Amino acid sequence: MIGWSISRILEANGYDVEKVNLVNDRGIHICKTMVAWQRWGQGTVPDVSGTKGDKLVGELYVKFETENNEQVNRLIEKGMTGDEALKNTSLIMEANEMLRKWEAGEPSTRQLWAKMNAWVYKGFELTYERMGVSFDKMYYESDTYKEGKKLVQEGLEKGVCYRKEDNSVWVGLTNEGLDEKLLLRGDGTSVYITQDLGTAQLRYDEYHPDRLLYVVGNEQNYHFEVLKLILKKLGRAWSDNIIHINYGMVELPHGRMKSREGTVVDADELMEEMHRAAEKMTTDLGKLEGFREQEAMELYEMVGIGALKYFILKVDPKKNMLFNPEESIDFNGNTGPFIQYTYARVQSLLRKAKQKDFDADLNKAPRKEASFKLLDKEKGILRLLHEFPGIVREAGEHYSPALMANYAYELAREYNQFYQEVPILREEDENRVYFRLGLSDFAGRIIKTSMSLLGISVPDKM
RNA sequence: GGCCCCGUAGUUCAACGGAUAGAAUGGAGGUUUCCUAAACCUUAGAUACAGGUUCGAUUCCUGUCGGGGCUACCA
């Protein structure tokens with residue numbers, strides 16, 4: 001959602017943005033789920049068990065980690081040190097074996113891998129679609145890791161990398177104040193950074209972009225620092241154009257989210273909950289008059305997802321954020337629905353104006369010579385409208401949806417105050433009525449545009 | 001141990017080195033025969049601590065305390 005919004009904002013600033021999704025579809029973590037499926041999941045497939053494919057595989061991952069932890073503990077009891085135990089459980093060895101087979105292209109391993117990945121992608125697709133997020137291109141690291149290995153080879157030839165006795169390959173970064181970093185395991189298989197090096201090279205080759213943006217959590221700050229350094233050492237000047245847009249950890253009231261432990265808030269469940277909360281709110285407030293069932297469903301979705309996105313985007317993403325699924329997402333105050341509501345109010349006002357025979361096309365409204373003093377509230381709105389282009393620019397410079405979100409909120413709040421205090425259609429002076437209608441229309445458009453830069457839709461009625 | 005990020009009302013967040021530190025939520029009180037009360041108005045409530053730089057510090061520097069992350073032949 002953050003990446004999507006940033007892409008919208010950059011487009012609004014005139015950039016060509018290619019949205020790519022880097023899918024890490026290979027590696028030890030994938031092998032762990034495959035081992036888990038073979039051991040405990042035989043026969044379960046997404047369609048039959050009724051769970052989405054990505055969720056099913058996620059559960060297998062958790063299963064692997066819990067079982068593996070038990071094995072680790074047993075080994076420690078038998079007198080092994082923690083480090084040894086981590087490497088010597090039968091599960092880990094099995095996963096490692098699986099990874100070797102995968103890299104060797106062993107057919108049955110590849111087959112299982114392809115099958116399980118297809119489940120995951122199907123699940124992801126549904127989730128992205130509901131979030132309103134799409135990509136121009138997908139990079140699969142199962143394709144790009146080979147490019148990474150080539151880069152490592154190049155590094156060895158250039159003397160940037162070195163091989164240790166156990167055949168593993170490393171790059172030394174101590175001169176830059178960092179440690180040495182493993183690039184290839186002793187058995188020749190690649191690790192996360194290896195495939196990321198390859199992906200970066202492929203991205204560059206394909207687009208030759210001015211900037212390569214990565215929207216990735218801040219726990220990977222070190223990873224990207226290393227990535228840039230290695231590319232630089234390999235003589236890739238464009239390494240300087242890699243920008244890691246990091247965002248903070250999401251913490252739950254009882255601790256951090258961890259996919260290994262299954263303590264994550266599932267995006268699908270969350271969206272569903274938001275939808276239901278929006279439905280309840282709408283019903284409780286008795287706002288359903290004149291809605292067909294289909295329209296009502298669309299409204300719940302728009303408001304629910306809007307609340308969720310706004311909640312995430314309104315804060316500076318660099319900070320860690322606390323997320324309490326029960327309480328965090330409100331529909332009142334500084335929220336998405338508040339802004340959506342303001343927009344709906346404006347639209348309602350414009351509909352009423354039309355009914356009262358004010359010209360719907362405000363550009364064609366009768367223009368008389370008129371001069372009148374503006375009220376403070378009117379000036380306030382004008383001032384904010386005037387700031388809009390600058391905010392878009394600033395949000396682009398800082399890659400900050402939060403600036404956009406806060407602006408939209410401020411404008412909505414200012415408008416609501418105006419709406420509450422100042423008569424519009426009840427005003428007697430027709431010139432003033434037209435001015436206020438025009439001001440409302442303009443404010444509505446800017447609110448809609450601002451929200452669209454966050455990837456949030458606004459309803460005509462709510 | 002080393003490196004990085006963070007610490008602002010009870011809570012969740014704002015504030016390119018600049019005016020009286022803004023909101024929201026929660027608390028207290030109020031507004032609807034009238035354009036949508038998912039709104040509006042009033043009210044109490046905060047810069048972790050100690051130094052330094054500056055005409056001026058929530059912001060920059062140093063230290064202390066507190067929270068988080070990274071430092072894996074995990075991703």
Side-chain angles (χ1 to χ4, degrees), chain A residues 24 26-32 61 65 83 86-87 92 95-96 99 141 164 166-170 177-179 181-196 216-223 225-226 246 248-249 251 255-256 259-260 278 281-282 284-287 289 303 307 311 314-316 318-324 327-342 344-353 355-356 394 397-398 402-403 405-406 409-410 412-413 415-427 433 436-437 440 461-462:
Chain A
N24 198 332
R26 52 138 285 131
I28 192 73
H29 62 300
I30 300 284
C31 293
K32 286 176 181 177
Y61 189 50
E65 291 294 339
D83 284 350
L86 281 174
K87 291 177 190 168
I92 283 291
N96 285 338
L99 184 59
E141 300 202 348
K164 290 193 178 176
D166 64 357
N167 208 37
S168 57
V169 179
W170 299 72
L178 305 174
D179 295 327
K181 181 80 187 173
L182 175 93
L183 296 179
L184 288 179
R185 294 188 182 94
D187 62 9
T189 58
S190 65
V191 293
Y192 180 47
I193 191 123
T194 324
Q195 49 215 44
D196 237 10
V216 181
N218 64 11
E219 73 273 22
Q220 295 198 29
N221 286 358
Y222 181 76
H223 170 78
E225 205 181 328
V226 172
N246 58 43
M249 316 287 306
E251 286 172 47
R256 186 188 155 187
S259 52
R260 288 181 198 192
M281 190 74 167
T282 308
D284 287 352
L285 290 171
K287 296 266 182 180
E289 202 183 327
V303 172
F311 176 81
K314 78 172 171 183
V315 305
D316 179 353
K318 280 191 180 58
K319 290 192 179 178
N320 292 357
M321 67 158 92
L322 184 76
F323 180 66
N324 183 336
E327 296 170 16
S328 279
I329 300 189
D330 214 342
F331 291 86
N332 301 315
N334 187 354
T335 65
F338 171 88
I339 299 167
Q340 291 172 319
Y341 174 73
T342 309
R345 265 185 155 179
V346 171
Q347 302 318 304
S348 170
L349 179 75
L350 295 175
R351 284 193 296 272
K352 285 263 160 55
Q355 281 167 21
K356 292 198 176 184
E394 213 180 323
E397 281 166 10
H398 293 99
L403 286 175
N406 287 326
Y409 171 67
E410 219 176 309
R413 195 161 50 97
Y415 184 82
N416 271 325
Q417 289 167 4
F418 161 75
Y419 182 92
Q420 204 88 19
E421 284 175 27
V422 180
I424 302 171
L425 295 174
R426 295 185 311 251
E427 166 64 42
V433 175
R436 287 172 192 167
L437 283 174
S440 299
K461 280 190 287 184
M462 72 181 272

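The structure presented is a predicted model; accordingly, all values stated were derived computationally and were not measured. Within every chain, numbering begins at 1; the chains are lettered A, B, ... in the order of the sequence lines, protein sequences first and strands thereafter. Scope of the values below: all heavy atoms of this structure, side chains included, with no hydrogens, waters or symmetry mates.
Contact annotation for A/K287: base contact, defined as any heavy-atom pair under 4.0 Å involving a base atom. As judged by a 4.0 angstrom heavy-atom cut-off over every strand, A/T189 is placed among residues making no nucleic acid contact. A/V422 comes within 4.0 angstrom of a base, heavy atoms only. Residue A/K356 is out of contact with every strand shown, counting any heavy-atom pair closer than 4.0 Å. Contacts of A/A344 with the nucleic acid, taken as non-hydrogen atoms under 4.0 Å apart, include base atoms. Base engagement by A/Q220 is indicated by at least one non-hydrogen atom pair under 4.0 Å involving a base atom. Among the atoms of the strands shown, base atoms are found under 4.0 Å from some heavy atom of A/L425. Using a 4.0 Å heavy-atom criterion, one finds that A/D187 contacts no nucleic acid atom at all.
Nucleotide B/C16 holds its C1' atom 11 Å from the CD atom of A/E397, rounded to whole Å. To the nearest angstrom, P of B/C35 lies 14 Å from CZ of A/R351. The separation between A/N221 atom CG and B/G68 atom P is 17 Å, rounded to whole Å. Per the geometry, OH belonging to A/Y222 stands 18 Å off P belonging to B/G69, to the nearest Å. The CE-P distance, from A/M281 to B/A38, rounds to 8 Å in whole Å.
Considering only residues two or more places apart in sequence or on other chains, A/R26 meets the salt bridge (Lys or Arg N to Asp or Glu O under 4.0 Å) condition with A/E103.
Residues A/Y341 and A/F338 keep their aromatic ring centres 6.0 Å or farther apart.
For the residue pair A/Y415 and A/E410, no side-chain donor N or O sits within less than 3.5 Å of a side-chain acceptor on the partner. No hydrogens or angles considered: nothing links the side chains of A/D330 and A/T335 as a donor-acceptor pair under 3.5 Å. Side-chain atoms of A/R345 and A/N416 include a donor-acceptor pair closer than 3.5 Å.
Judged by a 6.0 Å distance limit and a 45° cone about the ring axis, A/K181 is not positioned over the six-membered ring of A/W170.
Taking the side chain of A/Q195 as heavy atoms from C-beta on, and the options B/A75, B/U36, B/A38, the nearest nucleotide is B/A75. Picking from B/A75, B/A14, B/C4 the nucleotide with the shortest atom distance to the side chain of A/N406 gives B/A14. Taking the side chain of A/P337 as heavy atoms from C-beta on, and the options B/U36, B/A38, B/A75, the nearest nucleotide is B/A38.
Annotation: B/C13 and B/G30 have their C1' atoms spaced 27 Å apart (nearest Å). Rounded to a whole angstrom, the distance from the P atom of B/A46 to that of B/G69 is 31 Å.
In this model, the phosphate group of B/A14 is not approached by any side-chain N or O of A/K314 to a distance below 4.0 Å at OP1 or OP2.
Residue A/L178 is the one, among A/L178 and A/K352, whose nearest nucleotide of RNA chain B lies closer to the 5' end (criterion: closest heavy atom).
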Q: Would you sort out whether A/K32 and A/E65 count as a side-chain contact (heavy atoms from CB on, under 4.5 Å), showing the intermediate values?
A: CA-CA 8 Å; A/K32 286 176 181 177; A/E65 291 294 339; 3.0 Å; yes

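A heavy-atom distance below 4.5 Å is found between the side chains of A/N24 and A/H29.
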Sub-3.5 Å pairs of nitrogen or oxygen atoms, protein against nucleotides 39-41 of chain B:
from, atom 1, to, atom 2, distance (Å)
B/A39, OP1, A/G333, N, 3.3
B/A39, O2', A/R345, NH1, 3.0
B/A39, O2', A/Q420, OE1, 3.0
B/A39, N3, A/Q420, NE2, 3.3
B/C40, O4', A/Q420, OE1, 3.2
B/C41, OP1, A/Q417, NE2, 3.2

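Helical stems in RNA chain B, defined as runs of 3 or more consecutive Watson-Crick or G-U wobble pairs with both donor-acceptor distances under 3.5 Å, are listed by first residue as B:1-7 with B:65-71, B:10-13 with B:22-25, B:27-31 with B:39-43, B:48-52 with B:60-64.
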